[in-house]
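Heads up, the thing below is written out as structure tokens.
Reminder, nothing fancy here: chain letters follow the sequence lines and each chain counts from 1.
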Number of protein chains: 2
Amino acid sequence: MLLTVTIKHVAKAAGVAVGTVSRVLAKNKTVNEEIRIRVEEAIQELGYQPNTLGRSLRLNKTDLIGLVIPDITNPFFAELAKHVEMLASSEGYSVLLANSHDDPAAEQQQVQALLGRLPRGLILVPVSESTIGDLVSGKNTVTVDRPLQGQTLVGVDNRRGGYLAADHLLSLGHRRIAYMSGPPTLDVARERREGFVGRIREFQQQHPSQPLAFQTVDGNFDYRAGEELGNRLLRQEHPPTAIATASDQQAIGLMRAAADVGLSIPNDLSIVGFDDIPLASLVLPRLTTIRQPLAEIARIALKAILSRSSTPHDCKLEPVLVERNSTRAWPGR
Amino acid sequence: MLLTVTIKHVAKAAGVAVGTVSRVLAKNKTVNEEIRIRVEEAIQELGYQPNTLGRSLRLNKTDLIGLVIPDITNPFFAELAKHVEMLASSEGYSVLLANSHDDPAAEQQQVQALLGRLPRGLILVPVSESTIGDLVSGKNTVTVDRPLQGQTLVGVDNRRGGYLAADHLLSLGHRRIAYMSGPPTLDVARERREGFVGRIREFQQQHPSQPLAFQTVDGNFDYRAGEELGNRLLRQEHPPTAIATASDQQAIGLMRAAADVGLSIPNDLSIVGFDDIPLASLVLPRLTTIRQPLAEIARIALKAILSRSSTPHDCKLEPVLVERNSTRAWPGR
DNA sequence: AGATACAGTGCAAAAGATTGCAACGATGAA
DNA sequence: TTCATCGTTGCAATCTTTTGCACTGTATCT
């Protein structure tokens with residue numbers, strides 16, 4: 001165990017008091033140029049690195065950002081984590097990662113453990129609206145993607161996203177449409193569906209004479225749910241000609257189901273996803289989807305944490321439609 | 001800002017000295033039963049939680065595990081992160097996440113930043129063999145997937161993995177075979193290829209009369225490389241009937257290229273991947289691949305960290321062939 | 001010249017927890 | 001009675017850093 005060099009050693013080497021070294025480190029200008037140089041030389045010479053723990057204890061705050069997400073394996077959250085980590089580390093912060101596995105009890109435990117580390121702030125994708133509410137209240141928290149009572153939420157305008165998807169399919173001439181939603185317990189899922197259904201209703205009112213079949217199914221956000229719900233939808237007597245989903249993972253699962261049933265995309269079936277994960281542009285055919293500006297979301301969330309604006313102020317970003325090859329105009333056979 | 005309750009408050013509430021409270025917390029048995037109960041009640045009552053910083057400063061060690069990976073967006077590393085996080089948090093540790101983006105300079109910076117936090121240990125997927133070598137030497141580090149001079153490596157027997165893939169394709173009757181390798185700078189990639197080539201050569205010696213065409217290409221591990229290399233391989237005059245890749249991501253990119261060329265899998269082309277990421281069993285067709293026991297890898301890596309066995313001792317696990325629907329016997333047209 | 005201001009520096013007190021050492025009271029032995 | 005022992009507990013030092021306060025010496029003003 002090599003013994004570490006502390007601020008005391010630097011002070012002795014430079015022939016000054018520890019306080020002075022500290023002031024040099026803090027770039028405090030009330031320190032003589034000559035002494036500053038002497039101290040900096042000593043720091044160089046000894047290879048001194050400030051002890052984060054001592055500083056944190058004294059200041060009662062750390063350079064840690066807590067990030068609690070349901071599942072790092074989900075490409076959407078992985079992307080979020082990547083951006084948060086990049087931005088945080090460029091500002092000198094490190095990120096504490098915690099998985100909640102979509103389990104309220106685990107989430108509560110994780111949040112508690114993280115809070116015990118006195119992080120500068122918490123970026124949270126909550127799974128349970130109730131369990132952790134008071135745990136994080138007043139704790140410099142920002143919520144991403146999903147809301148939590150009394151906390152700043154930064155995310156996308158989900159209604160608008162749903163609206164865009166519906167509008168896209170309608171304008172392509174589809175008149176047998178289905179919407180594959182997420183878990184009905186989640187606000188995000190409900191909002192996306194409401195936006196989608198809203199556009200459908202709007203169209204029906206504007207064109208009351210046009211026949212329009214529409215249905216909705218619920219499930220999880222993952223691949224498997226996409227496949228299962230897809231099978232259910234496509235094996236009906238009159239299957240839809242277009243399906244919008246609440247996540248790209250669902251959409252990719254759905255593509256699998258479509259292939260099993262023998263449908264070709266986009267010829268027999270148009271699909272539009274949600275999120276625009278990296279894989280979306282790599283599946284075959286490339287997936288038309290509603291893009292969430294994730295880099296921007298991460299940036300704003302982190303800024304909110306670091307600026308400590310105690311008043312919660314939600315931030316809803318604009319989703320955008322990314323047209324690729326999984327949707328096509330319906331010839332109207 | 002609500003003021004936090006410290007060990008001092010507990011001591012006063014229980015009418016004992018702080019040292020005694022500390023001993024109760026440490027489950028030190030040299031403390032009277034009666035007093036222990038009184039202290040524990042005070043802890044409950046006040047909702048006291050020990051300050052991690054004070055403890056860490058005193059003990060000069062933390063409950064943090066540093067995890068440095070090239071890219072959290074890569075499903076393989078995401079899966080690794082998930083397992084590490086699960087195991088670590090179940091032992092009371094938190095994980096510090098850092099992305100190196102496959103960039104030696106960034107990696108060096110990240111490792112340095114993490115080490116400054118005095119983690120209990122570092123789990124590292126190194127991108128550069130040279131830059132961080134002396135940075136982490138003697139620092140309780142475990143390397144996963146890729147080796148680093150003088151550090152314990154836990155990973156899969158890559159040669160064996162390559163061997164299994166080649167053996168599978170040969171036994172299916174394929175005689176025009178290609179291997180899509182990873183970056184030749186990476187030991188992992190070289191070993192997998194050597195294993196693969198080794199089995200090919202072995203077969204040639206055993207059956208010198210049988211015609212056997214074999215070629216190799218190099219590239220990155222990601223989807224895009226898979227697609228590009230795939231196009232190059234498949235657009236030859238006599239394309240291979242079977243291709244093994246060095247990663248599932250490559251394999252999935254390759255599937256895309258195959259579809260572009262109009263080849264059906266597994267009828268016209270057999271593909272075997274490497275890693276067995278979750279997506280592998282969800283693509284169409286489901287991907288035959290060489291599975292890495294990632295949960296086991298994470299478990300061993302963490303155990304090595306926590307047991308602080310200072311002598312580096314590599315651990316090579318057995319990869320296993322997972323047969324799914326992307327490979328098929330070659331009829332020998 | 002004497003008083004005042006001021007920049008620059010040292011000193012010591014925090015911050016919260018752990019732990020070696022001393023002290024204490026009770027007991028038993030000499 | 002005195003001494004040693006044992007099991008517990010309190011005291012105080014320690015880990016490293018920051019920062020308010022006091023102090024020094026110089027410069028400026030009256």
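The nearest whole Å value for the distance from the CD1 atom in A/Ile43 to the P atom in D/dT17 is 10 Å. Computed from coordinates, the B/Lys8 NZ to C/dA15 P distance equals 5 Å when rounded to whole Å. Per the geometry, CZ belonging to A/Arg38 stands 15 Å off P belonging to C/dG8, to the nearest Å. Remark: C1' of D/dT17 and CD of A/Gln49 are 15 Å apart, rounded to the nearest angstrom. In this structure, CG of B/Leu53 is placed 17 Å from C1' of D/dT14, rounded to the nearest angstrom. As rounded to whole Å, 8 Å separates atom P of C/dA17 from atom CG of B/Leu25. Atoms CG (A/Leu118) and C1' (C/dA15) sit 11 Å apart, rounded to a whole Å. Rounded to an integer number of Å, the gap from A/Asn51 CG to D/dC15 C1' is 8 Å.
Look at A/Tyr48 and you'll find a side-chain N or O under 4.0 angstrom from OP1 or OP2 of D/dT17.
In terms of the salt bridge (Lys or Arg N to Asp or Glu O under 4.0 Å) criterion, residue partners of B/Glu40 (sequence neighbours excluded) are, by chain and number, B/Arg36. By the salt bridge (Lys or Arg N to Asp or Glu O under 4.0 Å) test, B/Asp102 is found to be paired with B/Arg146, residues two or more places apart in sequence or in another chain being considered. Not counting sequence neighbours, B/Gln112 has no partner by the side chain to side chain donor-acceptor pair (under 3.5 Å) test.
Within the nucleic acid shown, B/Thr30 comes within 4.0 Å of at least one base atom, counting heavy atoms only. Residue contacts shown for A/Val21 are absent, as no nucleic acid heavy atom lies under 4.0 Å away.
When each of D/dT16, C/dG10, C/dA17 is scored by its nearest atom to the side-chain atoms of A/Thr4, the top-ranked nucleotide is D/dT16. When distances are taken from the side chain of A/Leu57 to each of D/dT9, D/dT16, C/dG16, the shortest belongs to C/dG16. Which of C/dT9, D/dT17, D/dT8 sits closest to the side chain of A/Pro50 comes down to D/dT17.
To the nearest 0.5 angstrom, A/Leu148 atom CG is 9.5 Å from A/Leu153 atom CG.
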Identify the pairs formed between an N or O of the protein and an N or O of nucleotides 24-27 of chain D at a distance under 3.5 Å, and give each distance.
none

Polar atom pairs (N or O), protein with nucleotides 19-23 of chain C, under 3.5 Å:
none

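Salt bridge annotation for B/Arg299-B/Glu296: present, with a cationic side-chain nitrogen under 4.0 angstrom from a carboxylate oxygen. We find that B/Glu91 and B/Lys303 are not joined by a salt bridge, their nearest charged nitrogen and carboxylate oxygen being 4.0 Å or further apart.
Sorted by first and then second residue, the salt bridge (Lys or Arg N to Asp or Glu O under 4.0 Å) pairs involving residues 103-119 of chain A (not counting sequence neighbours) are A/Arg117-B/Asp63.
The two residues B/Phe221 and B/Ala189 make their nearest non-hydrogen contact at CZ-CB, 4.1 Å.
A donor-acceptor contact under 3.5 angstrom links the side chains of A/Gln292 and A/Asp275, judged on distance only.
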